[in-house]
Amino acid sequence: MTGPDLDTVTTARLLVRPPREADRDRFAGLFGNEDFMVFYPGVLTGEEAQDRFDHMVAVCRAIPFGKQPVVELSSGLVVGYTGADYIDFEGRTRLEWGYRLVPECRGLGYATEASRALLAKAHQTYAGELLAIIAPENLASQNVCRKLGFAFWKQAPVEGGTRNLYTLPVGEPAP
Ligand SMILES: CC(C)(COP(=O)(O)OP(=O)(O)OC[C@H]1O[C@@H](n2cnc3c(N)ncnc32)[C@H](O)[C@@H]1OP(=O)(O)O)[C@@H](O)C(=O)NCCC(=O)NCCS
């Protein structure tokens with residue numbers, strides 16, 4: 001019974017933990033919801049949402065700080081996710097950090113609180129660079145990433161749009 005709990009990070013108001021099968025329907029609903037998916041090219045179809053959830057599970061098996069559910073302690077609800085996923089950018093596979101919350105849980109500091117907690121795990125288990133890719137007009141997200149310690153790198157075209165790229169070195173540099 002202790003196994004899964006070892007993977008859980010708890011903060012003052014939140015719990016961040018790897019996805020479970022019981023989260024599937026919640027995420028399928030969120031990935032198909034326009035408000036949740038703002039600043040994303042579009043909502044996912046039912047099938048895409050199922051695939052995205054499977055992908056989330058797979059990445060979290062590979063890295064302990066993969067994109068994973070953020071649970072609000074006061075309500076017990078999954079209110080979003082934070083963490084890293086693989087992305088190919090400029091010919092290299094990198095780790096991209098991202099977060100997304102349900103609208104009613106934005107503006108409370110949750111993204112920063114959850115990300116800081118999970119980043120601590122990244123610092124302990126990974127050495128390298130994390131990338132954040134953010135639409136220039138998404139000020140809230142850029143505020144969060146700066147609070148997490150990311151530094152502006154450059155603007156670049158990503159998936160057809162101009163994006164602001166930020167980087168954060170984590171862990172010990174390899175010898
Ligand atoms: C981006 C997002 C995760 C931020 O979550 P959050 O919990 O509200 O973030 P926090 O409360 O930790 O911090 C947000 C910061 O941006 C600021 N902010 C919020 N909305 C803002 C806006 N429209 N313009 C400028 N600043 C804004 C807040 O004041 C806060 O900064 P502060 O702590 O210096 O006051 C959340 O807004 C969200 O889910 N957005 C939709 C999905 C998304 O854009 N994901 C990121 C894609 S790159």
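Computed from a predicted model, the values in this text were never measured in an experiment. As the structure lists them, so they are numbered: ligands from 1, and atoms in each ligand from 1. Values below: all heavy atoms of this structure, side chains included; hydrogens, waters and symmetry mates excluded.
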Minimum distance, heavy atoms only, to atom 42 (C) of ligand 1: which one of R100, E137, R116 is it?
R100

With F31, the side-chain contact (heavy atoms from CB on, under 4.5 Å) member among E48, R52, Q50, R26
R52

Quick look: K147 vs ligand 1, heavy-atom contacts under 4.0 Å, and the answer is side chain

Are the side chains of F89 and L131 in contact, using a 4.5 Å heavy-atom criterion?
yes

re atom 24 (N) of ligand 1, the protein heavy-atom contact at minimum distance is L139 CB, 3.6 Å

Could you label the plane-to-plane angle of the F152 and Y166 rings as parallel, tilted or perpendicular, counting under 30° as parallel and over 60° as perpendicular?
perpendicular

What are the two closest non-hydrogen atoms of T93 and D88, and how far apart are they?
OG1-OD1, 2.6 Å

Ranked by distance from atom 26 (N) of ligand 1, the top protein heavy atom is N143 ND2, 3.3 Å

Interfacing atoms of ligand 1 (cut-off 4.0 Å, heavy-atom, F39):
44 (O)

Any idea which protein heavy atom is nearest atom 47 (C) of ligand 1, and the distance to it?
N138 ND2, 3.8 Å

Nearest heavy-atom approach of A135 to F39 is CB-CD2, 4.0 Å

Is there a protein heavy atom less than 4.0 Å away from atom 33 (O) of ligand 1?
yes

Exercise: identify the closest heavy-atom pair between V59 and A84:
CG1-O, 3.8 Å

Within the 4.0 Å heavy-atom cut-off, what I133 brings close to ligand 1 is backbone

Top protein contact for atom 38 (C) of ligand 1, by heavy-atom distance:
R106 NE, 3.2 Å

Nearest protein heavy-atom contact for atom 46 (C) of ligand 1: which residue, which atom, what distance?
Y99 O, 3.3 Å

Do other residues, nucleotides or ligands put more than 12 heavy atoms under 6.0 Å from the CD atom of E90?
yes

Under-4.0 Å heavy-atom contact with ligand 1, by part of T112 that carries it
both

Is the backbone of P136 close enough, under 3.5 Å, to the side chain of Q142 for a donor and an acceptor to pair up by distance?
yes

Examine L101 against ligand 1 and note whether any of their N/O atoms are separated by less than 3.5 Å.
yes

For G149 versus L168, what's the shortest heavy-atom pair and its separation?
O-CD1, 3.3 Å

Would the number of heavy atoms belonging to other residues, nucleotides or ligands and lying under 6.0 Å from CD of E34 be above 12?
no

Where is the tightest heavy-atom contact between R17 and Q68, given as atom of each residue plus distance?
C-OE1, 3.1 Å

Ligand 1 to L108, heavy atom cutoff 4.0 Å, flagged ligand atoms 11 (O)

Any non-hydrogen protein atom less than 4.0 Å away from atom 16 (O) of ligand 1
yes

Do you see a protein non-hydrogen atom under 4.0 Å from atom 7 (O) of ligand 1?
yes

Identify, by atom number and element, the atoms of ligand 1 in contact range of S141, meaning under 4.0 Å from any of its heavy atoms.
1 (C), 46 (C), 48 (S)

Verify the neighbour count for atom CZ of R146: are there more than 12 heavy atoms of other residues, nucleotides or ligands below 6.0 Å?
yes

CD (E159) with more than 12 external heavy atoms under 6.0 Å:
no

Would you say C105 and ligand 1 have an N/O pair spaced under 3.5 Å apart?
no

Which protein heavy atom lies closest to atom 10 (P) of ligand 1, and at what distance to 0.1 Å?
G109 CA, 3.6 Å

To the nearest 0.1 Å, how far is atom 5 (O) of ligand 1 from its closest protein heavy atom, and which atom is that?
A111 CB, 3.1 Å

Of all the heavy atoms in G98, does at least one lie under 4.0 Å from an atom in ligand 1?
no

Heavy-atom pair with the smallest gap, counting every atom of R100 and F36
NH1-O, 2.7 Å

Going by the order shown, which atoms of ligand 1 are within less than 4.0 Å of some heavy atom of V144?
4 (C), 9 (O), 10 (P), 12 (O), 13 (O), 14 (C)

Can you confirm, on distance only, whether ligand 1 has an N/O atom lying under 3.5 Å from any N/O atom belonging to F36?
no

Atom 21 (C) of ligand 1: which protein heavy atom is closest, and how many Å away?
A140 CB, 3.8 Å

